[in-house]
**Student:** 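For reference, the structure I am asking about is given below.
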Amino acid sequence: MRRRLAPVLEGRTFTRVEILDTRLTRPYEPHEVAAELQGERVVEVDRRGKYLIVRFASGRALLVHLRMTGTLLHEPDGATHVRALVELDDGTTLAYRDVRRFGTWLLLEPADVAPYLAAKLGEEPLLPAFTAKGLGERLRGRRAPLKAALLDQRTLAGLGNIYVDEALWYSKLHPLREAGTLDADELKRLHRAIRKVLELGIARQGSTLSDYRLPDGSSGSMQDEFRVYGRVAEPCDRCGTEIAKTRVGGRGTWFCSRCQAAQSN
DNA sequence: ACCTCGTCCTGGTTGC
DNA sequence: TGCAACCAGGACGAGG
């Protein structure tokens, strides 16, 4: 999304902003945020974890979190569930569509951007600084299920329910494994698997299960790469055992009970 | 400090 | 066929 949005937004000025959903900018007034955004010029579209960061020449930044069903559409054609509209100085329009209304827009002053993100997010798993050893340090002493620890954005940034299940399958680790008990080899496998699934997700441009779209309206294809997510009773691609479904931390959880044994290997 | 769970929200699916 | 109940989940606040 960031990669597709950057060429559309960078250098553009927000000439008119209309926020249609009062939930989007909570707790701030939609019309006040819209007024503040008007006239801002985009210098960069950045990303941190699951936040899109629209950086303006003023130093301020708009943090967009798409949550479940948010999408940013350039030149939308008859889109439904449009929650905000941005007119750009090249005459084109950016629409924010969000069926479930979980997404958020937060406009931050220059000094607040870095501290806000630092408080909410752990390391970026695709940067060189992210290591298996570092991952071990983040998990050390934690008694929560491994899956729950990985879904916590402060452990590392960017993994959601799909990517955690996929990463655990690749690393052959059980979702209920106590997070702090992984040995060096398991951490190495997990580290590799996390990078693999995120890189695959980016290459496939995300998973379109129903609502997710790229800014040009096209679909992602990561759903075609799923090894476990949503595949209950289908055979495991590695061993043929039927994929199991359970709940961990209130989330649907798919795994192979043979490949991902409860105990360490 | 850490952990778990309920809540928000809508539309698609399931079950009677 | 119609309608109610259920399911999907990221982040956050309450409570343990």
Side-chain angles (χ1 to χ4, degrees), chain A residues 1-2 19-28 30 47-53 62-73 78-84 95-106 108 115-122 124-125 135-168 175-182 194 197-198 201 206-213 219-220 222-223 226 228-233 243-255:
Chain A
M1 181 78 88
R2 190 207 69 79
I19 290 164
L20 306 156
D21 181 357
T22 54
R23 290 192 57 88
L24 188 60
T25 57
R26 282 200 319 176
Y28 302 102
R47 181 198 60 77
R48 182 83 166 82
K50 302 175 191 172
Y51 290 90
L52 269 171
I53 308 168
L62 176 66
L63 268 54
V64 176
H65 199 307
L66 304 168
R67 293 298 213 281
M68 308 303 306
T69 55
T71 15
L72 283 161
L73 300 167
T80 59
H81 305 94
V82 172
R83 312 299 185 191
Y96 176 70
R97 175 178 198 263
D98 188 356
V99 174
R100 253 178 272 181
R101 303 171 65 205
F102 274 14
T104 54
W105 282 21
L106 180 64
L108 291 178
Y116 182 88
L117 292 168
K120 299 216 178 282
L121 303 173
E124 280 296 319
L135 177 60
E137 284 162 14
R138 299 296 301 167
L139 295 175
R140 186 169 300 154
R142 297 181 61 171
R143 310 201 60 178
L146 181 56
K147 171 160 182 175
L150 294 174
L151 283 173
D152 182 344
Q153 300 300 295
R154 289 163 306 184
T155 306
L156 71 162
L159 292 181
N161 200 42
I162 290 173
Y163 291 92
V164 167
D165 279 6
E166 295 296 304
L168 291 174
L176 288 175
R177 207 29 214 288
E178 196 177 321
T181 66
L182 272 59
I194 288 168
V197 299
L198 289 175
S207 316
T208 298
L209 295 174
S210 59
D211 298 290
Y212 176 75
R213 292 292 184 283
S219 296
M222 179 62 184
Q223 66 279 4
F226 291 169
V228 284
Y229 182 87
R231 295 184 59 180
V232 64
I243 302 297
K245 186 187 180 191
T246 182
R247 291 190 87 78
V248 178
R251 299 294 168 243
T253 299
W254 291 265
F255 66 104

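Everything numeric here is computed off the predicted structure, so don't read it as measured data. Sequence lines set the chain letters: A, B, ... in the order given, protein chains first and strands last, and positions in each chain run from 1.
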**Student:** Among the nucleotides C:dC12, C:dC7, C:dG10, which one has an atom lying closest to any side-chain atom of A:Y51?
**Tutor:**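 In terms of side-chain proximity for A:Y51, the closest of C:dC12, C:dC7, C:dG10 is C:dC12.
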**Student:** Between A:R97, A:R101, A:R100, which is the residue that forms a salt bridge (Lys or Arg N to Asp or Glu O under 4.0 Å) with A:D21?
**Tutor:**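 When salt bridge (Lys or Arg N to Asp or Glu O under 4.0 Å) is applied between A:D21 and each of A:R97, A:R101, A:R100, only A:R101 qualifies.
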**Student:** What's the closest nucleotide to the A:K50 side chain, out of B:dC3, C:dA8, C:dG10?
**Tutor:**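 For A:K50, the side-chain atoms sit closest to C:dG10.
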**Student:** Output the rounded distance in Å from CG (A:L106) to P (C:dC12).
**Tutor:**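 Distance check: A:L106 CG to C:dC12 P gives 10 Å.
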**Student:** Could you check whether any side-chain N or O of A:Q223 sits under 3.5 Å from a backbone N or O of A:T208, counting only pairs where one atom can act as donor and the other as acceptor?
**Tutor:**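 Judged by distance alone, yes, a pair lies under 3.5 Å.
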**Student:** Quick one: which of C:dA8, B:dT10, B:dC9 gets closest to the side chain of A:H81?
**Tutor:**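 Looking only at heavy atoms from C-beta outward on A:H81, the closest nucleotide is B:dT10.
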**Student:** A:W105 has an atom CH2; how far is it from atom P of C:dG10, in whole Å?
**Tutor:**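 Value for this atom pair: 21 Å.
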**Student:** Could you check if a side-chain atom of A:L72 sits within less than 4.5 angstrom of a side-chain atom of A:L52, using non-hydrogen atoms only?
**Tutor:**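 Heavy-atom side-chain distance check passes, below 4.5 Å.
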**Student:** Whether the side chain of A:R100 and the base of B:dG11 hold a donor-acceptor pair under 3.5 Å is what I'd like checked.
**Tutor:**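 Side chain to base: no pair present.
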**Student:** Just so I know, are the side chains of A:R142 and A:T155 near enough to count as touching, which here means a heavy-atom distance under 4.5 Å?
**Tutor:**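 In contact.
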**Student:** For A:L156 and C:dA11, give me the distance from atom CG to atom P, rounded to whole Å.
**Tutor:**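 My rounded result for the distance is 12 Å.
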**Student:** Take atom CG of A:D152 and atom P of B:dC3, then tell me their distance rounded to the nearest Å.
**Tutor:**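 Atom CG in A:D152 sits about 9 Å away from atom P in B:dC3.
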**Student:** Is the phosphate of C:dA8 approached by A:K245 (side-chain N or O, under 4.0 Å from OP1 or OP2)?
**Tutor:**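 True: A:K245 side-chain N/O within range (under 4.0 Å) of C:dA8 OP1/OP2.
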**Student:** In the structure I gave you, are the side-chain heavy atoms of A:K147 and A:D165 within less than 4.5 Å of one another anywhere?
**Tutor:**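 A side-chain contact under 4.5 Å exists here.
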**Student:** If I take atom CG in residue A:L151 and atom P in nucleotide B:dT4, what distance separates them, rounded to the nearest angstrom?
**Tutor:**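 Computing the A:L151:CG to B:dT4:P distance gives 11 Å.
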**Student:** Could you check whether A:G252 gets within reach of a base, just the sugar-phosphate, or nothing at all, counting any heavy atom under 4.0 Å?
**Tutor:**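 Sugar-phosphate: the residue A:G252, judged by heavy atoms under 4.0 Å, touches backbone atoms but no base.
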**Student:** Determine whether A:L159 and A:L198 make a side-chain contact, defined as any pair of heavy atoms from C-beta on separated by less than 4.5 Å.
**Tutor:**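 Yes - at least one pair of side-chain heavy atoms lies under 4.5 Å apart.
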**Student:** Under 4.0 Å between a side-chain N or O of A:R142 and OP1 or OP2 of B:dC3?
**Tutor:**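 Answer yes for this pair, as a side-chain N or O of A:R142 is under 4.0 Å from OP1 or OP2.
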**Student:** Do the side-chain N or O atoms of A:R251 get closer than 4.0 angstrom to the phosphate oxygens (OP1, OP2) of C:dA8?
**Tutor:**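 No, A:R251 has no side-chain N/O under 4.0 Å of OP1/OP2 on C:dA8.
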**Student:** Let me know the distance between CG of A:L209 and C1' of C:dA8, rounded to the nearest Å.
**Tutor:**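 Distance, rounded to whole Å: 10 Å.
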**Student:** How many Å lie between CZ on A:R67 and P on B:dT10, as a whole number?
**Tutor:**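 About 15 Å, once rounded to whole Å.
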**Student:** To the side chain of A:K120, which of C:dA8, C:dG10, C:dC12 is closest?
**Tutor:**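 That would be C:dC12.
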**Student:** Please pick, from B:dG11, C:dG10, C:dA8, the nucleotide with the shortest atom-to-atom distance to any side-chain atom of A:V99.
**Tutor:**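 Within the option list, the nearest is B:dG11.
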**Student:** At 4.0 Å (heavy atoms only), tell me whether A:R101 reaches a base, stays on the sugar-phosphate, or touches nothing.
**Tutor:**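 Result for A:R101 = sugar-phosphate.
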**Student:** Using a 4.0 Å heavy-atom cut-off across all strands, classify A:R154 as base, sugar-phosphate, or nothing.
**Tutor:**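 Result for A:R154 = nothing.
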**Student:** At under 4.0 Å, does any side-chain N or O of A:R97 touch on OP1 or OP2 of B:dT10?
**Tutor:**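 The answer is no; no side-chain N or O of A:R97 sits under 4.0 Å from OP1 or OP2.
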**Student:** Please state whether the phosphate of C:dA11, meaning OP1 or OP2, lies under 4.0 angstrom from any side-chain nitrogen or oxygen of A:Q153.
**Tutor:**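 For A:Q153, the contact criterion (side-chain N or O under 4.0 Å from OP1 or OP2 of C:dA11) is met.
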**Student:** Send over the distance from A:L121 CG to C:dG10 P, rounded to a whole Å.
**Tutor:**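 Rounding to the nearest Å, CG of A:L121 and P of C:dG10 are 14 Å apart.
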**Student:** Select one nucleotide: of B:dG11, B:dT4, C:dA8, the one nearest the side-chain heavy atoms of A:A144.
**Tutor:**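 For A:A144, the side-chain atoms sit closest to B:dT4.
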